[in-house]
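Let me begin by presenting the structure, written as structure tokens, before commenting on it.
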Amino acid sequence: MPIKGTGFEVISEHLCHEGKLGYYRHLSPTTKCAMRFTVFLPPEAERDTAAKFPALFFLSGLTCTEENFTTKAGAYRMAAELGLAIIVPDTSPRGDDVPSDDSGELGKGAGFYLNATQEPWAKNYQMDSYITQELREMVLRNFPIDGDRLGIFGHSMGGHGALVLHLRNPGMFRSVSVFAPISSPIRSQWGEKAFRAYLGDDQSAWAKYDATELLKDYKVRPNEPTLLVDQGTADKFFDTSLKPYALAEACGEADFPLELRLQEGYDHGYFFIQTFIDDHLRHHAEYLR
């Protein structure tokens, strides 16, 4: 049953590195279906009930749910040490009435963190508004999270999402980092397929959800956080779908602070994320102190 006054129900809660990891579900008016998310709270949240904590949103990749990062990334030991909360939403709307596609590159598991404008997708696929408005406001109302100290990071399709939501909402997130992001979806087979379905044939609409295009008109702020990017050199999607050099070029032209790290021999999976997750959490902690 939903917790009275919260709008969501508890699926399960677990002690994790002396903090609390919870799985939650709610009916979303934005996506018109049930949505799941997880929240990790550091140990201090139990000891100091008046305190509010900096928090990170993690956005996952194609075919994933909130479960992949939560169980595979190995993030919570360092998050507990640094006093960081972590929120992980699902990647897309779900349910029998939600349209999808059998390819895994469109539909359920492939929401691309945008607001769809085309049928049959527009009713449910409103992941931009869901993350930046509905879910953000829900966790700020119901968890001890400091709304002035939020960061965002993600992997692959979720790396695209983290970049785009940060660039589209200047000041909402005080820190940003990504693992192997789809840096320019309009130049990627994955992105082209999804954008054509969700946004139609007008590529000016696509540009609003492409980090390399958004950077062309982005006005870098005096306190702009450095973008940390980790990319494995053995990632089979390096050239065809991820295009890290396109992102580096766009950052250079915009004078956007970037630290691009090419990690020799690492592929696209969660062993790669596990290896460098502590660096990313420390990166965010520096900006969210």
Side-chain angles (χ1 to χ4, degrees), residues 1-3 6-12 22-39 57-72 86-143 152-166 168-169 172 181-182 185 188 190-200 205-206 208-210:
M1 294 292 291
I3 301 174
T6 65
F8 64 86
E9 61 180 303
V10 177
I11 299 171
S12 62
Y23 287 76
Y24 307 100
R25 176 171 50 225
H26 70 113
L27 290 175
S28 166
T30 305
T31 64
K32 308 294 191 298
C33 66
M35 297 294 292
R36 290 169 55 116
F37 63 98
T38 65
V39 177
F57 284 81
F58 183 87
L59 307 184
S60 301
L62 280 167
T63 75
C64 292
T65 70
E66 77 289 343
E67 183 78 356
N68 297 75
F69 178 89
T70 301
T71 59
K72 294 180 178 180
I86 302 180
I87 302 115
V88 184
D90 200 349
T91 53
S92 69
R94 310 267 176 184
D96 293 340
D97 296 331
V98 174
S100 193
D101 181 273
D102 292 337
S103 70
E105 298 172 3
L106 182 67
K108 296 173 189 176
F112 269 85
Y113 305 102
L114 50 73
N115 286 342
T117 59
Q118 304 299 302
E119 299 301 333
W121 314 100
K123 175 183 176 182
N124 305 105
Y125 286 78
Q126 301 292 311
M127 291 300 292
D128 177 345
S129 294
Y130 174 71
I131 300 294
T132 60
Q133 298 175 34
E134 183 181 351
L135 181 62
R136 181 175 63 89
E137 291 166 6
M138 178 180 288
V139 296
L140 292 180
R141 281 197 310 270
N142 295 289
F143 295 90
I152 192 165
F153 65 149
H155 169 235
S156 194
M157 179 187 72
H160 140 75
L163 291 172
V164 166
L165 297 188
H166 176 67
R168 284 171 58 88
N169 299 277
M172 180 177 289
I182 304 175
S188 158
W190 290 335
E192 182 177 351
K193 178 177 181 177
F195 282 17
R196 193 174 301 280
Y198 294 144
L199 302 173
W206 300 12
K208 296 175 183 177
Y209 286 101
D210 184 294

Is the distance between the ring centroids of Phe37 and Tyr130 under 6.0 Å?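 Between Phe37 and Tyr130, the centre distance exceeds or equals 6.0 Å.
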Please confirm whether the ring centroid of His166 lies under 6.0 Å from the ring centroid of Tyr113.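 They do not qualify: ring centres at least 6.0 Å apart.
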Taking it one step at a time, do Phe112 and Trp190 satisfy side-chain contact (heavy atoms from CB on, under 4.5 Å)? CA-CA 10 Å; Phe112 269 85; Trp190 290 335; 4.2 Å; yes
Quick one: [atom1] on [X] to [atom2] on [Y], what's the gap to the nearest 0.5 Å?
X      : Y      : atom1 : atom2 : answer
Leu114 : Leu165 : CG    : CG    : 9.5 Å
Asn169 : Ile152 : CG    : CD1   : 8.5 Å
Thr38  : Phe69  : OG1   : CZ    : 8.0 Å
Arg36  : Ser28  : CZ    : OG    : 15.0 Å
Cys64  : Lys72  : SG    : NZ    : 7.0 Å
Ser188 : Met157 : OG    : CE    : 11.5 Å

Pairwise side-chain contact, Leu135 with Phe57, heavy-atom cut-off 4.5 Å (strictly under):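 They are in side-chain contact.
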Do His155 and Asn68 touch side chain to side chain, with heavy atoms closer than 4.5 Å?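 Side chain of His155 against side chain of Asn68, heavy atoms only: no contact under 4.5 Å found.
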Evaluate side-chain contact (heavy atoms from CB on, under 4.5 Å) for Met127 paired with Met35, printing each intermediate quantity in order. CA-CA 11 Å; Met127 291 300 292; Met35 297 294 292; 4.0 Å; yes
Give a yes or no on whether the backbone of [Y] and the side-chain of [X] come within a donor-acceptor separation of less than 3.5 Å.
X      : Y      : result
Asp210 : Trp206 : no
Gln126 : Ala116 : yes
Arg196 : Glu192 : no

Which heavy-atom pair separates [X] from [Y] by the least distance, and what is that distance?
X      : Y      : answer
Leu27  : Pro29  : O-CD, 3.5 Å
Tyr198 : Gly107 : OH-N, 2.8 Å
Leu62  : Ala110 : CD2-CB, 3.4 Å
Arg136 : Val139 : O-CG2, 3.3 Å
Val98  : Cys33  : CG2-CB, 4.2 Å
Lys208 : Arg168 : O-NH1, 3.1 Å

Indicate whether the side chain of Ser129 and that of Thr30 have a donor and an acceptor atom separated by less than 3.5 Å.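 Per modelled atom types, Ser129 and Thr30 side chains form no pair under 3.5 Å.
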Please walk me through it: do Thr91 and Leu59 pass side-chain contact (heavy atoms from CB on, under 4.5 Å)? CA-CA 7 Å; Thr91 53; Leu59 307 184; over 6 Å; no
side-chain contact (heavy atoms from CB on, under 4.5 Å) for Tyr125 and Lys108? Distances and angles first, verdict last. CA-CA 9 Å; Tyr125 286 78; Lys108 296 173 189 176; 3.9 Å; yes
